[in-house]
**Student:** 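Have a look at this one before I ask anything.
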Amino acid sequence: MQAINSQIEEVISRGEGRYLSATELQPIKQYVQTFTARAKTYQILQEKSEVLVRHALKKFMVQHPDIMQKHGKRCHYDMTMLLRYVGIAILRNDPKFLNDTLVLWQANILAAYQKQKACHVAYRYLQEALKEHLPSQAEQMIEPYIEMMMQALDLPPKLMAGVQ
């Protein structure tokens, strides 16, 4: 796992052997300037992820009791892992990290088991739980990452390999 985000790593790699320009330094400055807010959001996710997952799955169970009965533990695990990886991606300020390490893999697995539509519904309930239980700044920081997962679940399996 990379220690810093992929954009900063790419900028530093391109600048090897020379000084970075002011434009090239912008992602590093932005990373530093937003770190406190990102770290706070990470800690909020760490503290509240179990409540968020349980709230989302409780609503999902009303609509899909059969899936929860058969795959409830797996749904809990997948949703918990998504929130953990979202937390890391926020800490790193790196959507590409989330996409490359979890979203494409999970979307492909769910498509193989033909569970992407049901999971899309479950993640919609997770979005609702985020809005209900998190401070708005944290929810707004998390939302694009959850939306990334939702969009991957909407794609046909053959197209997911090309998602960047």
**Student:** Distance check, rounded to the nearest 0.5 Å: L82 atom CG versus L102 atom CG?
**Tutor:** 6.0 Å
**Student:** Heavy atoms, side chains only, cut-off 4.5 Å: are E143 and E147 in contact?
**Tutor:** yes
**Student:** If you count heavy atoms of other groups shown closer than 6.0 angstrom to NZ of K131, is the number above 12?
**Tutor:** yes
**Student:** Which heavy-atom pair separates A118 from I67 by the least distance, and what is that distance?
**Tutor:** CB-CD1, 3.4 Å
**Student:** If you look at every heavy atom in A89 and L98, which pair is closest and at what distance?
**Tutor:** CB-CB, 3.8 Å
**Student:** To the nearest 0.5 Å, what is the distance between CD on Q140 and OG1 on T41?
**Tutor:** 10.0 Å
**Student:** Kindly give the heavy-atom pair with the smallest separation between L110 and C119, and that separation in Å.
**Tutor:** CD2-SG, 3.5 Å
**Student:** Got L126 and L57 here, is their nearest side-chain heavy-atom distance under 4.5 Å?
**Tutor:**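 L126 does not reach L57 side chain to side chain.
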**Student:** Tell me which pairs pass ring pair (Phe, Tyr, Trp, His ring centres under 6.0 Å) where either residue lies in residues 112-155, with sequence neighbours left out.
**Tutor:**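 Found H55-H133.
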**Student:** For a quick test of reading the model, state the closest non-hydrogen atom pair linking A152 to V103 and the distance between them.
**Tutor:**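 Smallest interatomic distance, heavy atoms only, reads CB-CG1, 3.4 Å.
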**Student:** Step by step, would you call Q30 with N93 a side chain to side chain donor-acceptor pair (under 3.5 Å)?
**Tutor:** CA-CA 9 Å; Q30 195 266 342; N93 197 24; 2.7 Å; yes
**Student:** Pair up each side-chain donor or acceptor in residues 73-80 with any protein partner under 3.5 Å, not counting sequence neighbours, and list the distances.
**Tutor:**
| unit_1 | atom_1 | unit_2 | atom_2 | d |
| --- | --- | --- | --- | --- |
| R74 | NE | D78 | OD1 | 3.0 |
| R74 | NH2 | D78 | OD1 | 3.1 |
| H76 | NE2 | E50 | OE1 | 3.3 |
| H76 | NE2 | E50 | OE2 | 3.0 |
| T80 | OG1 | H76 | O | 2.7 |

**Student:** Do you reckon M81 sits in the same ILVMFWY cluster as I44, going by side-chain contacts under 4.5 Å, direct or chained?
**Tutor:**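 Result: yes, single cluster for both.
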**Student:** Between CD1 of I142 and CD1 of I90, what distance do you get to the nearest 0.5 Å?
**Tutor:**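 Spacing of CD1 (I142) from CD1 (I90) equals 4.5 Å.
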**Student:** Taking the side chain as everything from C-beta on, heavy atoms only, tell me whether R124 gets closer than 4.5 Å to F60.
**Tutor:** no
**Student:** Less than 4.5 Å apart, side chain to side chain, heavy atoms only: is that true for V32 and F35?
**Tutor:**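 Side-chain contact under 4.5 Å: no.
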**Student:** If we only count heavy atoms from C-beta on, is the L25 to V11 side-chain gap below 4.5 Å?
**Tutor:** no
**Student:** With sequence neighbours excluded, what pairs up with H71 under the ring pair (Phe, Tyr, Trp, His ring centres under 6.0 Å) test?
**Tutor:** none
**Student:** With side chain to side chain contact (heavy atoms under 4.5 Å, CB included) as the criterion, how do Q7 and D94 come out once you've worked through the C-alpha distance, each side chain's angles and the decisive distance to 0.1 Å?
**Tutor:** CA-CA 8 Å; Q7 183 183 21; D94 193 354; over 6 Å; no
**Student:** Charged N to carboxylate O under 4.0 angstrom, E132 versus K59?
**Tutor:** yes
**Student:** So does R54 have more than 12 non-hydrogen atoms from other groups sitting under 6.0 Å from CZ?
**Tutor:** no
**Student:** Under a 4.5 Å cut-off applied to non-hydrogen side-chain atoms, are K40 and M141 in contact?
**Tutor:** no
**Student:** Under a 4.5 Å cut-off applied to non-hydrogen side-chain atoms, are Y31 and N5 in contact?
**Tutor:** yes
**Student:** Do any N or O atoms from the side chain of N99 and from the backbone of P95 form a donor-acceptor pair under 3.5 angstrom?
**Tutor:**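 No, N99 side chain to P95 backbone: no donor-acceptor pair under 3.5 Å.
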**Student:** Within the structure provided, determine whether L134 and L52 are in side-chain contact (heavy-atom separation under 4.5 Å).
**Tutor:** yes
**Student:** With a 4.0 Å cut-off, would you call R18 and E24 a salt bridge?
**Tutor:** yes
**Student:** Can you tell me how far apart OH (Y42) and CG (L91) are? Round to the nearest 0.5 Å.
**Tutor:** 6.5 Å
**Student:** Could you tell me which non-hydrogen atom of I8 sits nearest to which non-hydrogen atom of P27, and how far apart they are?
**Tutor:**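 Between these two residues, the closest heavy atoms are CD1-O, 4.0 Å.
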**Student:** To the closest 0.5 Å, what do you measure between CE (M61) and CG (D66)?
**Tutor:** 10.0 Å
